[in-house]
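What follows is a set of notes on a single structure, which appears directly below.
Below, read A as the first sequence line, B as the second, and so on, with proteins coming before strands; counting in each chain starts at 1.
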Number of protein chains: 2
Amino acid sequence: MDGDRMPAELARLWRIPADSRRGRPARLDVGRVVDAAVALADRQGLAAVTLPKVAESLGTTKMALYRYVGSKDELLTLMHDAANGPVPASLEGTGPWRERLRRWSEEQAAVFERHPWLADLRPSGPPSGPNGIAWFDAGLRAMRSTPLDWQARVGVIMLVSGYVKSAAQLARGLAAGREGTGMDQAAAEREYGMAMARLVEPERFPDAAALFASGALEDTGKQTGEEDFRFGLELVLDGVAARIGAEGGPEPAS
Amino acid sequence: MDGDRMPAELARLWRIPADSRRGRPARLDVGRVVDAAVALADRQGLAAVTLPKVAESLGTTKMALYRYVGSKDELLTLMHDAANGPVPASLEGTGPWRERLRRWSEEQAAVFERHPWLADLRPSGPPSGPNGIAWFDAGLRAMRSTPLDWQARVGVIMLVSGYVKSAAQLARGLAAGREGTGMDQAAAEREYGMAMARLVEPERFPDAAALFASGALEDTGKQTGEEDFRFGLELVLDGVAARIGAEGGPEPAS
DNA sequence: CACTATTAGTGTCTCTAGGATACTATCTAT
DNA sequence: ATAGATAGTATCCTAGAGACACTAATAGTG
């Protein structure tokens, strides 16, 4: 199975063990390196993930890590897949497609909540790691009972996961505003808001100005965030339902 | 109007001219710096945008740029807004919401095509530059004739622009595969694909494996890309229509 | 048991970047 | 003319990614 040649990158992503057992035994493995990097990112954000810091948290030197990851960029890819984590068991089983797709999206959103820095990673093409593939697979499976063809299913998955990601990015952006240690930050924030209000002139930006004036952007608490997320999600699901040509009511189990 | 205090960052974003005319006159201005940076990114990607390189392309020194941009990060924000460009005239005028929203999305996608690196920028909160606000305003205006409330309109805009962005990211990822100078690259690509096909085992990933086997992912030409984009876009518009509770047929002009 | 190929880990160097600081240059208002 | 203000420069520092040549530790083999 792994006798064939395989790009080293992929072998690391899929944790294919090396077949040779000669030479000095390794003290680490890809998994531990990646776990350390993920932990670092969870604690201090993606910017804190540097080879020196990861090495320090593992008690080695920077250069030793290159035995396990190839490059910083590859480390990010590995982190991405690792942070995705396995597909939760709650997604298995059957049910109407709409419910399954909704659950899939919510679990996906939960992943972003656990690892907010995931939203900062620039996407590197289609999923290629075991966890990424597993999520993809589960998403496809949620649509098994629908008449959609492959292209459509892939399209729906791209759409939904793109939505979840941008929602996470937005939430992250809003949360960033809440940081800083208070007074100074708050004052700057207020000044910023006031300046914006002055800049968005009703003559030039009628609708945006009306929106600002309406105060609909004011309370951006966590509660509101969830509601907004639901709004977009259900809207997308409505779109899927329209494509299917039937309402997402009870159906024969997949 | 600009007599009030205003954060320097915002003043630069909105190109508010300084009121003082004393001292040595500047040879550059924010606009030229940003344009140079955008040109660089267009030619060589976002990674090529470094202060030294931008400075060189303008015939100055790195440190001179700090008179105009404050920080690298701010430069990216300025580039973002500048690259958005003004809202095209074709979006003004009236028409049914669905058509207007569709046009808005397509024009937005065209922006990403002109400046692919835009998809690599991590979003820094809601739009705050003149162009960003103008696009936002235009998006809102497209929904004027609908009964949606402000929250819903904002939600739709977030959803749609998130979709456009992730579609651009995907296209970018696929295009990246086409790069390299040929043979070597192609061989690596093929090997990668074959390895992936082996790794996605039908027992473990039944739906994903079936998808791979179906060959639905094969031809990823530009043509297909457009079609995929339309699919998601129309799906979202269907969702909006469902929210409105009416089909997007002809309506009283906004 | 010794030896050697093989793999793991280290020390050091280079390149590049962002940014701080202290400086010089050039202008305008008075 | 000159003082104050603004533009631009030279030099330094910190930090990260990665190359390279090295040393260290092990397992199979004779």
Side-chain angles (χ1 to χ4, degrees), chain A residues 2 8-9 11-12 15-34 36-37 40-41 44-79 117 120-122 124, chain B residues 2 8-9 11-12 15-34 36-37 40-41 44-79 117 120-122 124:
Chain A
D2 51 328
E9 221 185 58
R12 288 188 281 257
R15 306 288 199 280
I16 310 252
D19 44 348
S20 137
R21 221 166 303 155
R22 284 188 295 191
R24 179 176 173 176
R27 285 198 325 223
L28 300 166
D29 54 50
V30 190
R32 288 194 49 200
V33 173
V34 173
L40 238 172
Q44 302 174 241
L46 201 56
V49 178
T50 69
L51 294 182
K53 284 192 197 132
V54 173
E56 196 194 349
S57 85
L58 284 166
T60 17
T61 62
K62 173 183 60 157
M63 293 314 290
L65 299 183
Y66 281 105
R67 293 273 155 195
Y68 304 98
V69 295
S71 74
K72 172 81 182 285
D73 231 56
E74 192 189 313
L75 176 59
L76 292 177
T77 304
L78 292 166
M79 288 170 67
W117 47 271
D120 296 337
L121 280 180
R122 44 156 223 239
S124 49
Chain B
D2 49 330
E9 222 185 56
R12 289 188 282 257
R15 306 288 199 280
I16 310 255
D19 44 349
S20 136
R21 222 166 302 154
R22 282 188 294 193
R24 181 176 173 178
R27 284 198 326 221
L28 300 165
D29 54 51
V30 189
R32 288 194 52 199
V33 173
V34 174
L40 237 172
Q44 301 174 242
L46 201 57
V49 177
T50 68
L51 294 181
K53 285 192 195 129
V54 173
E56 196 194 347
S57 85
L58 284 166
T60 16
T61 62
K62 176 184 59 155
M63 291 316 290
L65 298 182
Y66 281 104
R67 292 274 156 195
Y68 303 99
V69 294
S71 75
K72 172 82 183 285
D73 231 57
E74 192 189 313
L75 176 59
L76 292 176
T77 303
L78 292 166
M79 288 171 67
W117 48 269
D120 295 338
L121 280 181
R122 44 156 223 240
S124 49

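Taking 4.5 Å as the limit, every side-chain heavy atom of A:L121 sits out of range of all side-chain heavy atoms of A:M79. Counting heavy atoms from C-beta outward, B:K72 and B:L65 have side chains that stay 4.5 Å or more apart. The shortest distance between side-chain heavy atoms of B:T77 and B:E9 does not fall below 4.5 Å.
Of all non-hydrogen atoms in B:Y68 and B:A26, the two that sit nearest each other are OH-CB, 3.4 Å. Nearest heavy-atom pair across B:R32 and B:D29 is N-OD1, 2.9 Å. Scanning both residues, B:A41 and B:V49, for their nearest heavy atoms gives CB-CG2, 3.7 Å.
Here D:dT9 presents its C1' atom at 14 Å from CG of B:L28, a figure rounded to the nearest Å. What separates CG of A:L40 from C1' of D:dG16 is a distance of 14 Å, to the nearest Å. Atom-to-atom, CG of B:D29 to P of D:dA7 comes out at 11 Å; the value is rounded to the nearest Å. The separation between A:R27 atom CZ and C:dT10 atom C1' is 11 Å, rounded to whole Å. Between A:K53 atom NZ and D:dG18 atom P the separation is 16 Å, expressed in whole Å.
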Sort me out a list of protein N/O and nucleotides 19-23 of chain C N/O pairs below 3.5 Å, or just none if empty.
from   : atom 1 : to    : atom 2 : distance (Å)
C:dG19 : OP2    : B:Y66 : OH     : 3.2
C:dG19 : OP2    : B:K72 : N      : 2.9
C:dG19 : N7     : B:K62 : NZ     : 3.3
C:dG19 : O6     : B:K62 : NZ     : 2.3

When you compare the protein's N or O atoms with those of nucleotides 25-30 of chain C, which come within less than 3.5 Å of each other, and at what distance?
from   : atom 1 : to    : atom 2 : distance (Å)
C:dA25 : N3     : B:R24 : NH1    : 3.2

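Each of A:Y68 and B:V49 has a nearest nucleotide on DNA chain C; the 5'-most of these lies closest to A:Y68.
For B:D73, the salt bridge (Lys or Arg N to Asp or Glu O under 4.0 Å) criterion is met by B:R122, not counting sequence neighbours. Partners of B:E74 under the salt bridge (Lys or Arg N to Asp or Glu O under 4.0 Å) rule, at least two apart in sequence or in another chain, are B:R12.
For D:dG8, the OP1/OP2 oxygens have no side-chain nitrogen or oxygen of B:T60 closer than 4.0 Å. The side chain of B:T50 contributes an N or O atom lying less than 4.0 Å from OP1 or OP2 of C:dA17.
Base contact: B:A64 has a heavy atom under 4.0 Å from a base atom.
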Side-chain donor-acceptor pairs under 3.5 Å in residues 50-58 of chain A, sequence neighbours left out?
from  : atom 1 : to    : atom 2 : distance (Å)
A:T50 : OG1    : A:K53 : N      : 3.3
A:S57 : OG     : A:V54 : O      : 3.0

